[in-house]
There are 2 protein chains.
Amino acid sequence: MMTGARLSWKEVRDRIHQRILSGDYAPGDRLPRDADIAEELHCARSTVQRAMQDLSDGGIVERRRKGGTRVRSDPVTRATLDIPVTRTEVEQKGARYGYQLISSKTAMTPRSVTGNFELAQRKEMLRVKALHLSDGRPYILEDRWVDTTTVPEILDIDLTTVSANEWLVQNKPYSRCDLRFYAESASPESAELLNAKIGDALFVIERTTWIDEAPITLVRAQTAPGYQLLTRI
Amino acid sequence: MMTGARLSWKEVRDRIHQRILSGDYAPGDRLPRDADIAEELHCARSTVQRAMQDLSDGGIVERRRKGGTRVRSDPVTRATLDIPVTRTEVEQKGARYGYQLISSKTAMTPRSVTGNFELAQRKEMLRVKALHLSDGRPYILEDRWVDTTTVPEILDIDLTTVSANEWLVQNKPYSRCDLRFYAESASPESAELLNAKIGDALFVIERTTWIDEAPITLVRAQTAPGYQLLTRI
DNA sequence: AAATTTATTATGTAGCTACATAATTGTCAA
DNA sequence: TTGACAATTATGTAGCTACATAATAAATTT
């Protein structure tokens, strides 16, 4: 990684970050202009620019034209999450993946669903319930609505052999995705399917996707007790 | 945004993304080399490089030297989360922020804590319990361990007036942060403090931070019933 | 003194070149 | 056939220039 003469933009970034960490620049302080840092570190302004841009993306500093760069005085913890296809998630843990379709039928969406999609009107969609298994044990219970106007092909898919999760993600890329995380008590139905006790605290991942403005799917994925979501390294 | 003659790297990115979305390039397919795309779109290779890098960061494509660029065949949902200081979070919702210190005393860390910090030995740390309020109602109950070797100053801070959350984030920047999300049933103690019922499903945010290799703090933040974490737009 | 316009300044972006690096492919000898 | 080495190739990075853009500061007018 260019350990010799020239500094890479990542090295520049880390040096500047280090100065912030060590207290050289405190929250709210203004940093020197890119050009001055470049001169000091004997590198090009474009290198400093890339480094600063990365620190800005990471929520470490704030940059404004003419105003310069300053250390964020209201720091946020910014994290990146990866949510893979459930099959992959299970297999990456070295477990055997299993899948069961519970039900699949068209129905009128409740208001909570149209609300999530930011639709004014309720409409008919395909509702698919399915269970993902890890080494034969319940892992994730998903309750999904698929917009059959946007994705009519879903009606021809045999969802007993391919999960909607997998099929959609492989065949219907989305341009927008909203995620929502919360906790919920297990209903009698969920508890039975997830092999949990009624009232157990379940971690829920809710995902809504669109292609342009058109809804694709909304999933409520209830995870089995003990499930944890970690930030990627 | 340079709508005229030249294409910005974001426009290039969006065009390539669009082709993937429309099915021109399917998962697993190899895209043309940067130079060819540059020629086709009448822009510089560096512009395509920036666009591709962004798509790669976003988990849309995979790039390998010599191997070229291909559409990820195992797509992941990648999301960015912002977790602000609790005060800011409350105030951004237009609510009045409140804070109560419950307890603060040094104690021997249990194994679960040292495990999170990746420490071999148990050690004495400061344990701080506090309640964050939104419009006077319980919002987040935090149970925190602070490494007094790394952050000895914390012992001189009056934690009845300043929350450890705020003081640490303003004064002790971290170089590494691990996050963990899960659901948990309310214990009798938590239920009372959070104004919830015993056994209610609570959403928990667990955060561990380090400066270089040295532990700073580990917080278990139990949120009040109804709390939801959303991805930033 | 307030409002408007103009100049200044720091960051943002695009284009070009040159070279570094990692993978793969091809060649040749043992 | 296999192993080692060399050539090729596509991406990655750094440096430079030129100009765009936004925000502030200064100057000017009302």
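Only this structure's heavy atoms are used, side chains among them; waters, hydrogens and symmetry mates stay out. To find a chain, count down the sequence lines: A is the first, B the second, and so on, and within it residues start at 1. Just so it is clear, the model here is predicted, and its values are computed rather than measured.
- E206(A) and Y182(A) are linked by a side-chain donor-acceptor pair at a separation below 3.5 angstrom, with hydrogens and angles left out of the test.
- Considering only residues two or more places apart in sequence or on other chains, Y99(B) meets the ring pair (Phe, Tyr, Trp, His ring centres under 6.0 Å) condition with H132(B).
- In this structure, R19(A) places its CZ atom where more than 12 heavy-atom neighbours from other residues, nucleotides or ligands lie under 6.0 Å away.
- Regarding E62(B), its CD atom lies at a distance of 12 Å from the P atom of dG12(D), rounded to whole Å.
- The residue G67(A) sits apart from the nucleic acid: no heavy atom pair falls under 4.0 Å.
- Residue R64(B) places no side-chain N or O under 4.0 Å from the OP1 or OP2 atom of dA10(D).
- Side-chain N or O atoms of D212(A) include none that pairs as donor or acceptor with a backbone N or O of A214(A) at under 3.5 Å.
- At a cut-off of 3.5 Å, with distance as the only test, no side-chain donor of K172(B) or T209(B) sits close to an acceptor on the other residue.
- If you measure from atom CD1 of I16(A) to atom P of dT11(C), you get 11 Å, rounded to the nearest angstrom.
- Judged by distance alone, the side chain of D36(B) and the main-chain N or O of P32(B) form no donor-acceptor pair under 3.5 Å.
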Would you tabulate the pairs of protein nitrogen or oxygen atoms and nucleotide nitrogen or oxygen atoms of nucleotides 7-9 of chain C closer than 3.5 angstrom?
{"residue": "dT9(C)", "atom": "O4'", "partner": "K66(A)", "partner atom": "NZ", "Å": "3.2"}

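- The stretch residues 48-59 of chain B comes close to DNA chain D through Q49(B), Q53(B), each having a heavy atom under 4.0 Å from the strand.
- Whole-Å rounding puts the E11(B) CD to dT13(C) C1' distance at 12 Å.
- Every residue two or more places apart in sequence or in another chain that forms a side chain to side chain donor-acceptor pair (under 3.5 Å) with R180(B) is listed here: Q228(A).
- Atoms CZ (R70(B)) and P (dA23(C)) sit 14 Å apart, rounded to a whole Å.
- Following rounding to the nearest Å, L7(A) (CG) and dA20(C) (C1') show an atom-to-atom distance of 16 Å.
- Contact annotation: T69(B) side-chain N/O to dA10(D) OP1/OP2 distance is not under 4.0 Å.
- The distance from atom CG of D34(A) to atom C1' of dT11(C) is 7 Å, rounded to the nearest whole Å.
- Atom CG of D36(A) and atom P of dA10(C) are 8 Å apart (whole Å).
- Whole-Å rounding puts the R45(B) CZ to dT11(D) C1' distance at 7 Å.
- Phosphate proximity of dG12(D) to R63(B): present, with a side-chain N or O under 4.0 Å from OP1 or OP2.
- DNA chain D is contacted by both A35(B) and C43(A); A35(B) maps to the nucleotide lying nearer its 5′ end (nearest heavy atom per residue).
- Contacts of E213(A) classified as salt bridge (charged side-chain N to carboxylate O under 4.0 Å, His left out), with partners at least two apart in sequence or in another chain: none.
- A donor and an acceptor atom, one from each side chain of T86(A) and N165(A), are located under 3.5 Å apart.
- Residue T47(B) places none of its side-chain N or O atoms closer than 4.0 Å to OP1 or OP2 of dT13(C).
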Solution key, residues 45-54 of chain A side-chain donor-acceptor pairs under 3.5 Å, sequence neighbours excluded:
{"residue": "Q49(A)", "atom": "OE1", "partner": "R63(A)", "partner atom": "NH2", "Å": "3.1"}
{"residue": "D54(A)", "atom": "OD2", "partner": "R13(A)", "partner atom": "NH1", "Å": "2.6"}

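- Using a 4.0 Å cut-off, no side-chain N or O of S46(B) falls inside it from OP1 or OP2 of dC16(C).
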